[in-house]
Amino acid sequence: MRKNKVIYTIGYSPFKIKRFIEVLKQYEILCVIDVRSNPYSKMYPEYNKNNLENELKQMGILYSNYKTEFGARQTDLKYFSNDKYLDFNKYSESCYFKEGIRKIEEGMALNYVFVLMCSEKDPIICHRNIMVAKAFYSIGYEIRNILADGKYEKQDSIEQRLVDIYFKNKNQIALSEEFYKENVRESYELQNKKIGYKKEQDSYGWSDYNEEATFHNRIYAENS
């Protein structure tokens, strides 16, 4: 597969900034797309927008925050489910999200290599994967989710993990391809329900609540 058909994702929380940049260089990443709605952190101040942008610039890596295009903390209620969480499928059809895809594809045509960045260590509990990377995967891109050890996990492995979480008690022997795809689709939706932004989370202070991933980690532990 050509390099410009690959999109990376990464969560910064396992990395000191020097190691973070080393990993980006390892994969020849030229542009970091920050998908945080609030690109600041009390726990990891080196990843505050201005600090991170300056560090990356010194290493010849571009930075851009796509909170409007790809952020988890959207506010327009038309993108929310009946259960009042952000519906990733709905938001992925918005003009803002599609504009984000267009801009990245435009950059990839110029041979830029992109990584989608958020805070969470495991991509399976982060919207950077379950909403954004999934959308790119669905239109033919290879997704490489960089993990804490610097290696990466592809999207088909993420999907298998999701199915194992949500359908682990069902008989998975000799599943047809069609039935497996349906399990994958349902698993994405169930994970969206678990991790999707809910407006009441504002009362916790979204940035710290999200970055510590206490909610997400608890959900993942309950289902793994």
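Taking the side chain as every heavy atom from C-beta outward, F15 and Y47 approach each other to under 4.5 Å. Side-chain contact check for N145 versus Q155: some heavy-atom pair is nearer than 4.5 Å. Counting only heavy atoms from C-beta outward, the side chains of L52 and F20 approach each other to under 4.5 Å. A heavy-atom distance below 4.5 Å is not found between the side chains of C31 and V113. The side-chain heavy atoms of I139 and I101, taken from C-beta on, include a pair separated by under 4.5 Å. Residues Y166 and E186 have side chains not in contact (no heavy-atom distance under 4.5 Å, counting atoms from C-beta outward). Taking 4.5 Å as the limit, every side-chain heavy atom of L116 sits out of range of all side-chain heavy atoms of Y66. I61 has its side chain out of reach of L30: every pair of non-hydrogen atoms, C-beta onward, lies at least 4.5 Å apart.
Here the shortest heavy-atom pairing between Y27 and K151 reads OH-CA, 3.7 Å. Considering all non-hydrogen atoms of both residues, F114 and I33 come closest at CD2-CG1, 3.7 Å.
Residue Q26 qualifies as enclosed at atom CD: its count of foreign heavy atoms under 6.0 Å is above 12. Open room surrounds NZ on K121; 12 or fewer heavy atoms of other groups in view lie less than 6.0 Å from it. The number of heavy-atom neighbours closer than 6.0 Å to NZ of K84, taken from other residues, nucleotides and ligands shown, is 12 or below. Shown here is Y63, whose OH atom has more than 12 heavy atoms of other residues, nucleotides or ligands within 6.0 Å.
In this structure a side-chain-to-backbone donor-acceptor pair under 3.5 Å is present from H127 to F70. Judged by distance alone, the side chain of S41 and the main-chain N or O of N48 form no donor-acceptor pair under 3.5 Å. Listed for the S13 side chain is a donor-acceptor partner under 3.5 Å among the backbone atoms of S119. In this structure, E53 contributes its side chain and N65 its backbone to no donor-acceptor pair below 3.5 Å. A donor-acceptor distance shorter than 3.5 angstrom exists from the side chain of Q74 to the backbone of G71, with no hydrogens or angles considered. One N or O on the side chain of S37 and one on the backbone of R73 form a donor-acceptor pair closer than 3.5 Å. Not one N or O on the side chain of N192 forms a donor-acceptor pair closer than 3.5 Å with the backbone of Y188.
In this structure, K90 forms no cation-pi arrangement with Y79, as its terminal cationic atom is not both closer than 6.0 Å to the ring centre and no more than 45° off the ring axis.
Checking N129, I165, I195 one by one against I124, the side-chain contact (heavy atoms from CB on, under 4.5 Å) holds for a single residue, I165.
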Start with the C-alpha gap between M108 and I7, add the side-chain angles, then the distance that decides, and say whether side-chain contact (heavy atoms from CB on, under 4.5 Å) holds.
-> CA-CA 9 Å; M108 294 180 89; I7 291 179; 3.8 Å; yes
Report the C-alpha separation of I21 and E55 in whole Å, then their side-chain angles, then the decisive distance to 0.1 Å, and conclude whether the side-chain contact (heavy atoms from CB on, under 4.5 Å) test is met.
-> CA-CA 9 Å; I21 292 174; E55 288 281 353; 4.2 Å; yes
Begin from the C-alpha positions of Q160 and Y180 and carry the test side-chain hydrogen bond (donor to acceptor under 3.5 Å, both in side chains) through to its verdict.
-> CA-CA 9 Å; Q160 183 62 64; Y180 178 75; 3.2 Å; yes
Apply salt bridge (charged side-chain N to carboxylate O under 4.0 Å, His left out) to R102 and E99, showing your working.
-> CA-CA 5 Å; R102 186 198 66 78; E99 175 64 6; 2.8 Å; yes
Show the numbers, then the answer: is there a side-chain hydrogen bond (donor to acceptor under 3.5 Å, both in side chains) between E159 and N183?
-> CA-CA 9 Å; E159 292 184 344; N183 280 357; over 6 Å; no
Verdict with supporting geometry, E93 and N89, side-chain hydrogen bond (donor to acceptor under 3.5 Å, both in side chains) = CA-CA 7 Å; E93 292 299 318; N89 288 330; over 6 Å; no
CA sep, side-chain torsions, deciding dist, call: E46, Y12, side-chain hydrogen bond (donor to acceptor under 3.5 Å, both in side chains) = CA-CA 10 Å; E46 64 270 33; Y12 62 73; over 6 Å; no
Pair D122-R161, salt bridge (charged side-chain N to carboxylate O under 4.0 Å, His left out): steps then yes or no | CA-CA 12 Å; D122 189 342; R161 282 210 280 149; 2.9 Å; yes
Can you check side-chain contact (heavy atoms from CB on, under 4.5 Å) on I125 and Q191, steps first, answer last?
-> CA-CA 8 Å; I125 59 171; Q191 191 72 341; 4.1 Å; yes
Hey, mind stepping through K193 and D83 against side-chain contact (heavy atoms from CB on, under 4.5 Å) and telling me if it holds?
-> CA-CA 9 Å; K193 185 175 182 179; D83 293 328; 3.7 Å; yes
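A salt bridge does not link E69 with K98: every distance from a Lys NZ or Arg NE/NH1/NH2 to an Asp or Glu carboxylate oxygen is 4.0 Å or more. A salt bridge links R19 to E22: one of the charged nitrogens lies within less than 4.0 Å of a carboxylate oxygen. Between E189 and R185, at least one side-chain N (NZ, or NE/NH1/NH2) sits under 4.0 Å from a carboxylate O, which counts as a salt bridge. Salt-bridge annotation for D34 and R36: present, with a side-chain N of the basic residue lying under 4.0 Å from a carboxylate O of the acidic one. Between K181 and E177 there is a salt bridge, since at least one side-chain N of the basic residue sits less than 4.0 Å from a carboxylate O of the acidic one.
Note: the hydrophobic cluster containing Y85 does not contain Y197 (ILVMFWY, side chain heavy atoms under 4.5 Å, direct or indirect links). No path of Ile, Leu, Val, Met, Phe, Trp and Tyr side chains, each step under 4.5 Å between heavy atoms, connects Y137 with L147, placing them in separate hydrophobic clusters.
Taking CD of E178 as the start and OG of S176 as the end, the distance is 6.0 Å to the nearest 0.5 Å. Put simply, NZ on K49 and CG on N54 are 9.5 Å apart, with the number rounded to the nearest 0.5 Å. The structure places CD of E182 at 7.5 Å from CZ of F167, a figure rounded to the nearest 0.5 Å. Atom CG of L24 and atom CD1 of I29 lie 5.0 Å apart (nearest 0.5 Å). Here the OG atom belonging to S187 is positioned 9.5 Å from the CD1 atom belonging to I130, to the nearest 0.5 angstrom. The distance from the CD1 atom of I17 to the CE atom of M59 is 10.5 Å, given to the nearest 0.5 Å.
Of the N and O atoms on the side chains of E105 and Y141, at least one donor lies less than 3.5 Å from an acceptor on the other residue.
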